[in-house]
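Report on the structure given below.
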Amino acid sequence: MAAAKKTAKVSKVEFIATGRRKESIARVRLTPNGNGQIVVNKLPLDDYFKLGTNKLVVNQPLTLTNTADKYDIKVNVKGGGLTGQAGAIRQAIARALCKAEENLKNELKQAGFLTRDSRVKERKKPGLKKARKAPQYSKR
């Protein structure tokens with residue numbers, strides 16, 4: 001008979017959450033006792049988002065709750081453009097922070113970071129060039 005091996009697994013606490021904006025979907029892993037490092041699709045935040053506004057949007061929940069140095073964040077995001085992805089990451093980080101610390105929920109809810117922004121692109125209508133743009137009118 002083979003002896004059963006007991007291996008002690010080190011339990012790593014992670015808070016996982018999902019955020020959505022336009023066509024983008026972001027999955028976030030929040031690891032406590034970190035140093036504030038944010039990695040998006042295996043790239044540092046500064047390399048992934050070149051625009052300062054997108055970096056600001058991603059960091060909004062952390063700066064609001066003063067938890068920027070407490071957690072390491074790994075993000076997997078796909079779909080949409082960079083602005084939509086930044087909004088999706090913001091929502092996911094806010095949701096993960098709520099799981100990590102219950103007392104932050106009211107603060108994040110009041111700032112509007114937990115609410116999904118439901119605005120999406122309007123569909124194209126038949127006979128029009130885009131959703132609302134009509135072809136040029138010619139009288140004669």
May I ask you to decide if K22's main-chain N or O and R119's side chain share a donor-acceptor pair within less than 3.5 Å? no
Distance-minimising heavy-atom pair for A100 and Y71: CB-OH, 3.6 Å
Hits for salt bridge (Lys or Arg N to Asp or Glu O under 4.0 Å) against K70, two or more places apart or cross-chain, chain-then-number order -> E101
Would L45 end up clustered with V39 when hydrophobic side chains under 4.5 Å apart are linked, directly or stepwise? no
With side-chain contact (heavy atoms from CB on, under 4.5 Å) as the test, pick out the partner of L62 among V58, L64, N59, N66. N59
Keeping Q91 on the side-chain end and R20 on the backbone end, is there a donor-acceptor pair under 3.5 Å? yes
Once you round to the nearest 0.5 Å, how far does CG of L108 lie from CG of L97? 6.0 Å
If we ignore hydrogens and angles and just use 3.5 Å, is the side chain of D72 paired with the main-chain N or O of Q37 as donor and acceptor? yes
Residues in salt bridge (Lys or Arg N to Asp or Glu O under 4.0 Å) contact with D47, at least two apart in sequence or another chain: none
Could you tell me which residues satisfy salt bridge (Lys or Arg N to Asp or Glu O under 4.0 Å) with R21, sequence neighbours excluded, listed by chain and number? D117
Keeping the roles fixed (side chain from K109, backbone from F113), state whether a donor-acceptor pair exists under 3.5 Å. no
Atom NZ of residue position K130 - does it have more than 12 heavy atoms of other residues, nucleotides or ligands inside 6.0 Å? no
Taking all atoms of both residues into account, what is the closest heavy-atom pair of T18 and A92, and its distance? C-CB, 3.8 Å
Can you list the residues that meet the side-chain hydrogen bond (donor to acceptor under 3.5 Å, both in side chains) rule with E107, with sequence neighbours excluded? none
Residue pair K105 / C98: nearest heavy atoms and the distance that separates them: CA-SG, 3.7 Å
Please set out all donor-acceptor pairs under 3.5 angstrom arising from side-chain atoms of residues 24-34, sequence neighbours excluded.
from: S24; atom 1: OG; to: G79; atom 2: O; distance (Å): 2.8
from: S24; atom 1: OG; to: Q85; atom 2: N; distance (Å): 3.3
from: R29; atom 1: NH1; to: E14; atom 2: OE1; distance (Å): 2.7

Quick one: does any side-chain atom of N41 pair with a main-chain N or O of V77 as donor and acceptor, under 3.5 Å? yes
Out of curiosity, Y48 OH to L82 CG, how far, rounded to the nearest 0.5 Å? 6.0 Å
Would you confirm whether K125, through its side chain, and R123, through its main-chain N or O, come within 3.5 Å as a donor-acceptor pair? yes
side-chain hydrogen bond (donor to acceptor under 3.5 Å, both in side chains) partners for Q136, two or more places apart: none
State plainly whether one hydrophobic cluster holds both L43 and I73, where clusters connect Ile, Leu, Val, Met, Phe, Trp and Tyr through side-chain heavy atoms under 4.5 angstrom apart. yes
